[in-house]
Amino acid sequence: MFSEFTMASEERFSEYFGFTEKDVDLLFSRYQGRNEKQKQVTREGLKEWYDGYHTKAGERLYNPRSVVMSLSNNNLGNYWTSSGPYDELYYYIQRNVDAVRDDLPRMVSGIPVPAKVREYAATSQELKTKEEIFSAMVVYGFLSYENGKVSIPNKELGDKFAEMLQKEPSLGYVYRLARESERMLQATLAGDTKTMEEVLELVHDTEVPILSYNHETELAAVVNLIYLAARDTYRVEREDKAGKGYVDFIFYPETDKSADCLILELKVDHTPDEAIQQIKEKNYALRFRGKIGENIKYSGRILAVGISYGKAEKKHSCRVEVLI
């Protein structure tokens, strides 16, 4: 007469699967009252790093262990344990590369992927299909499930996925692009558009659906891969509000506020010059001045980066311009 309850399929007991917003507010207020010389954890940081899970009733949940560790250690960091279920899922991803490969860069780019979640898949001896793999990931907390789609819930898990993409050669073009990400970042900072275009041409090693580039969404998934290395020193935001619109990608220096700031705009069947022009006209650079009440100071250059793809000629073009 055993009954199983999961936050993906049952509302009952769902509030006990993680910390709610109220729980985190209470813990953060206690943290603020502690005698710390310098507080390193912000409420916004806790949300970015550890939020992102959803109950069937629609309530948001945080990873409880990571919130406790972060507040106890006075540090926003990755406290996810890489043993047990993590190793098992890593093994099954290796064995089912074709089924999941093209969805991984989409999720790393922040794009939810349709999936049918079945809780029993977590106890299966052999995860043979994409749905079974993603179902197990939801049950173990690697993915969040909402409205029939799975996604990477937060920065903590995003870093884990990024680490995996750079370590697994069987992922093919995904692995090769991820490995090239450091070279891509350095070329961008140096304004070396030739190298940038060379790295982008690696996408033609295979003809998978994600590379059809019928829309900027597909291009964004690939671009996100080739800038994975930037996550080590930048906070990368997708479709962030800036100036008079929403910029495709914006890179905020995290470890060094004097580092260059990046604004990246994508275009399909348009020129990179048009992308740069849009950055200027919509005044995206204002975002680096911060929101009202934010005490943020960036002293590095602000670089406008335009990346385009021509479907007919199957060519990438890049341009980098210093705005300030």
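Note that the coordinates shown come from a computational prediction; the quantities given were computed from them, not determined experimentally.
A salt bridge is absent between Glu265 and Arg319; no separation between the charged side-chain nitrogens and carboxylate oxygens falls under 4.0 Å. By the 4.0 Å N-to-carboxylate-O rule, Glu44 lies too far from Lys47 to be salt-bridged with it. For Glu237 and Arg287, the salt-bridge test fails: no basic side-chain N is under 4.0 Å from an acidic carboxylate O. No salt bridge links Glu131 with Lys116; every basic N to acidic carboxylate O contact stays at or beyond 4.0 Å.
For NZ of Lys39, the number of neighbouring non-hydrogen atoms (other residues, nucleotides, ligands) closer than 6.0 Å is greater than 12.
In this structure, CD in Glu197 is found 4.5 Å from SG in Cys318, a value given to the nearest 0.5 Å.
Two rings, from Phe251 and Tyr227, have their centers less than 6.0 Å apart.
Checked by atom type, the side-chain pair Glu274/Gln278 shows no donor-acceptor distance below 3.5 Å. Residues Glu59 and His54 have side chains that never bring a donor and an acceptor to within less than 3.5 angstrom of each other.
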| field | From CA spacing to verdict: ring pair (Phe, Tyr, Trp, His ring centres under 6.0 Å), Tyr252, Phe288 | value | CA-CA 8 Å; Tyr252 299 94; Phe288 290 109; 5.4 Å; yes

| message | Applying ring pair (Phe, Tyr, Trp, His ring centres under 6.0 Å) to Trp49 and Tyr62, what does each step give before you reach the verdict? | response | CA-CA 9 Å; Trp49 275 87; Tyr62 290 66; over 10 Å; no

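Residues Tyr145 and Val139 fail the side-chain proximity criterion, which asks for heavy atoms closer than 4.5 Å.
The aromatic rings of Tyr50 and Tyr79 sit tilted relative to each other, their planes meeting at an angle between 30° and 60°.
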